[in-house]
There are 2 protein chains.
Amino acid sequence: MSSQQPESAPRPDSAPPTPPPTPLTPPQLQLGVDRTSPVPLYFQLAQQLEAAIERGRLAPGSLLGNEIELAGRLGLSRPTVRQAIQSLVDKGLLVRRRGVGTQVVHSQVKRPLELSSLYDDLEAAGQRPATRVLRNTVEQATAEVAAALGVPQGAEVLLVERLRYAHDEPMAFLRNRLPVGLFDCDTERLESTGLYRMMRSAGITLHSARQKVGARAATAEEAERLTEHPGAPLLTMERTTFDDTGRAVEFGSHIYRASRYAFEFQLLVRP
Amino acid sequence: MSSQQPESAPRPDSAPPTPPPTPLTPPQLQLGVDRTSPVPLYFQLAQQLEAAIERGRLAPGSLLGNEIELAGRLGLSRPTVRQAIQSLVDKGLLVRRRGVGTQVVHSQVKRPLELSSLYDDLEAAGQRPATRVLRNTVEQATAEVAAALGVPQGAEVLLVERLRYAHDEPMAFLRNRLPVGLFDCDTERLESTGLYRMMRSAGITLHSARQKVGARAATAEEAERLTEHPGAPLLTMERTTFDDTGRAVEFGSHIYRASRYAFEFQLLVRP
DNA sequence: GAGTGGTCTAGACCACTTG
DNA sequence: AAGTGGTCTAGACCACTCC
C-alpha cells in the first residue's frame, strides 16, 4: 500500500525514457489517521493538511499529489480523501483543477473573519473592552423591528441598549432587539461579555447575518453619548442575525465613532 | 424508475395497524432528473429543490423526506442525493438534524449578496449608473499597495481612478490598483461597465475579498469632487480581491457619499 | 495517451433523536 | 425500537489538461 517510492534511485535493469519525473511535492509530510478516534477520518486529514499549510510545510502553489495515491498512502478510500480536500477548498486553502491537480493557494489569504463581535474584536486587539448597560427591558415591536425579527407587529421583544468602551473611552452605542424567551439576558453578564458569546453558551448556533453599513453625521444627543462633537462622522450598522434553523435571533442598530473604529471582514463569492 | 406511488389508494387486502401515517411533506412535488443532460444529476436535483423552496412549494419548516426514500424515488444513489442536499445546506436553504430529518429553513433568508459591485448594485436598483474615468495609467507601487497586491514595492501597477454617477449625480470616487498584464483595462470599456464584469469576461474567477469599511469627514477636495460640503460624512472602503488561485487581482480605495449609499451584504458564520 | 479531478453507484455500519 | 442523517468503502466511467 503505502510503500514509499525510491524517489530517485536509478533502476539499472530498465531504462525509462525519462528519469523519474519527480512526482514529489507533498514530500514526506507525515500524515496518518487514528481509526480509534471518534473524530471523523476526513476531518482528521483536513486538520493535518490545514496545519501543514499553516506552518508552511506545504508551500503555496505546491501540488498535493493525486487523490488516489493519497488515499492509498493513508489507507483511506478516495471519497473520504475527497471530502477532506473539499472542506479545505471551501475554506479557500486549496484549489482543484481538473487535469492538473490540487494545489495550495498562492498567497497569504489569512483566516477569514467570523461574524464580527465588537467585544471579541476589541479584546483580541488588546483594548480592554467594557460595557455599560443603559437599558434592558421589554418593549413592543415596531413595524421595522417586527419585520426584521419575523414576529407580529406589537409583539413583545427584548430591548437592550449598551455603551461599549475601550480603554475607558466610549466607542459605540449598541441597540439590540431580541425575541423574548430566547435565553436569559442577564444585565450583569451583558456587562462582562458580548451578546454573541451569551447566545452561543445558551446553545444557539449562529449561522448568518444580513448587514447594512452606512455613515452619517452625529446628532447632538449621539455626540454627547459618544464624546464626539455634533456633526462628527459616525459609522452605522444594522444587522439581523439568524441561527442555523433560519430564525432571526437578534436585530441590532449600532453606532460607532468613525474616528475609533472600522469594520474588517471577508466576503466569499458564491459561484 | 420514477413510478409514481398510488399515494393514498386504500389497499383493501391488508389492514395496516395505523392508516398511512402521512409520510408526506414533499407531497407530490414533481422531481425528476434528465440523464442525457450534461448537467450533473446532483446539480439538477439541487436546482429543482431550490426552485420549489423559492416558489413556496416547499414550505419553511417542512420535512424533506429521508435521503434513501428520495434516492429511490428519483432513481439515484444516496450519495448523489446527499450531494444535492448538502449544496443547499451550504447555501442556508436547508437544515439537517440527525435523527430528525432535513427541513426547509424557517424564514425569509433571501439570496445572499455576491461580492458587491457598485455598478451592478446601481443597475439592479434601477439607477442608471455612469462612469467617468479620471485616470488610467501605470504607477509604481507604494509599500501599502505592494503589500496588498503581493508585488514588490516599486513594481509597476495599474492605477485607475473613476467617478461613479447615478442619475447624473456623483455617488462615489473609486481608486483601484491592479497588477499589470492581468487583462486589458480599456478606458472605454471601463466607462460602460464595471471592473468586476471586465475581470470575469477576461476569464478571472473571483473568489473572495478582504474589506475594511469606515467613515470620515470629507476634505475640501473630496467634497468638491462629490458635490458635498467639506466635513460631510463619507463612507470609505478598502478592498483586496482574490481570484480562485489566491492571487490578489485588485486593491481598491473607495469613497462613497454617505447620504446616497450604504453597503448591504450577508455574512456566513464558518463553523 | 497518460494523468488528473468530477461524478456516480450500491452497498455498509454507526450515532443520534424520538416514541 | 425505529428512523434519521453522518461516515465510510471499493469500485466505475467520464471530461479535462498537458505532453
Side-chain angles (χ1 to χ4, degrees), chain A residues 1 5 16-18 20-26 33-47 62-72 74-90 94-104 203 244-245 271, chain B residues 1 16-18 21-26 33-47 62-90 94-104 203 205 244-245 271:
Chain A
M1 285 277 181
Q5 309 177 32
T18 61
T22 46
L24 38 118
T25 352
V33 295
D34 173 9
R35 299 195 91 103
T36 71
S37 161
V39 177
L41 303 180
Y42 80 88
F43 196 82
Q44 293 184 38
L45 176 53
Q47 279 181 320
S62 65
L63 286 167
L64 209 61
N66 75 60
E67 300 169 346
I68 315 238
E69 180 264 341
L70 240 183
L74 292 165
L76 297 173
S77 68
R78 186 183 167 204
T80 301
V81 170
R82 273 185 69 80
Q83 194 174 0
I85 291 178
Q86 186 59 49
S87 72
L88 297 185
V89 171
D90 290 341
L94 296 177
V95 191
R96 288 209 259 219
R97 275 185 290 171
R98 187 163 12 188
V100 178
T102 303
Q103 49 188 314
V104 180
D244 58 356
T245 73
Chain B
M1 286 281 177
T18 60
T22 48
L24 36 120
T25 351
V33 296
D34 173 9
R35 300 194 92 103
T36 70
S37 162
V39 177
L41 303 181
Y42 80 90
F43 196 82
Q44 292 184 39
L45 177 54
Q47 279 182 318
S62 64
L63 286 167
L64 209 62
N66 75 61
E67 299 169 345
I68 316 237
E69 181 264 339
L70 241 183
R73 181 141 69 100
L74 292 165
L76 297 173
S77 68
R78 188 184 167 204
T80 300
V81 170
R82 273 184 69 81
Q83 195 174 358
I85 291 177
Q86 186 58 47
S87 72
L88 297 186
V89 171
D90 290 341
L94 296 178
V95 190
R96 287 208 260 216
R97 275 184 289 171
R98 187 159 17 184
V100 178
T102 302
Q103 50 188 314
V104 180
T205 306
D244 59 355
T245 72

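Throughout, protein chains are lettered first and strands after them, A, B, ... in sequence-line order, and every chain is numbered starting at 1.
- The distance between atom CG of A:Leu94 and atom P of C:dT4, rounded to the nearest whole Å, is 16 Å.
- Within the 4.0 Å cut-off from OP1 or OP2 of C:dT7, at least one side-chain nitrogen or oxygen of B:Tyr42 is found.
- The nearest whole Å value for the distance from the CD atom in B:Gln103 to the C1' atom in D:dG5 is 13 Å.
- Nucleic acid contact class of B:Pro40 (heavy atoms, under 4.0 Å, all strands): sugar-phosphate only.
- With rounding to whole Å, B:Leu63 atom CG is found 11 Å from C:dT18 atom P.
- If you measure from atom CZ of A:Arg98 to atom P of C:dT7, you get 7 Å, rounded to the nearest angstrom.
- Whole-Å rounding puts the B:Arg97 CZ to C:dC16 C1' distance at 12 Å.
- Between C:dT4 and A:Asn66, a contact under 4.0 Å exists linking OP1 or OP2 to a side-chain N or O.
- In this model, the phosphate group of C:dG5 is approached by a side-chain N or O of A:Thr102 to a distance below 4.0 Å at OP1 or OP2.
- In this structure, A:Leu41 and B:Gly101 both approach DNA chain D, and ranking their closest nucleotides by distance from the 5' end singles out B:Gly101.
- The OG1 atom of A:Thr102 sits 4.5 Å away from atom CD1 of A:Ile85, with the distance rounded to the nearest 0.5 Å.
- Between the CZ atom of B:Phe43 and the P atom of D:dC14 there is a distance of 22 Å, rounded to whole Å.
- When each of B:Arg35, B:Gln83, B:Gln44 is paired with B:Leu76, the side chain to side chain contact (heavy atoms under 4.5 Å, CB included) condition holds for B:Arg35 and for no other.
- In this model, a side-chain donor or acceptor of B:Arg78 finds a partner on the base of D:dG6 within 3.5 Å.
- Note on B:Arg82: a base of the nucleic acid sits closer than 4.0 angstrom, heavy atoms only.
- You'll find that the side chain of A:Ser77 is closest to D:dA10, out of C:dC16, D:dA10, C:dT9.
- Checking D:dG6, C:dT9, D:dA10 against every side-chain atom of B:Glu67, the shortest atom distance belongs to D:dG6.
- Proximity of B:Arg96 to the phosphate of D:dG6: a side-chain N or O atom is located under 4.0 Å from OP1 or OP2.
- Look at CG on B:Leu76: it is 21 Å from P on D:dA12, rounded to the nearest Å.
- Residue A:Thr80 places no side-chain N or O under 4.0 Å from the OP1 or OP2 atom of D:dT7.
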(request) Decide yes or no on side chain to side chain contact (heavy atoms under 4.5 Å, CB included) for B:Val104 and B:Leu94, but give the supporting numbers first. (result) CA-CA 5 Å; B:Val104 180; B:Leu94 296 178; 4.0 Å; yes
(message) For A:Gln86 and B:Gln86: C-alpha separation, side-chain torsions, deciding distance, then whether side chain to side chain contact (heavy atoms under 4.5 Å, CB included) applies.
(response) CA-CA 12 Å; A:Gln86 186 59 49; B:Gln86 186 58 47; over 6 Å; no
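- Across the protein-nucleic acid pair, B:Gln44 atom CD and C:dT7 atom P stand 12 Å apart, rounded to whole Å.
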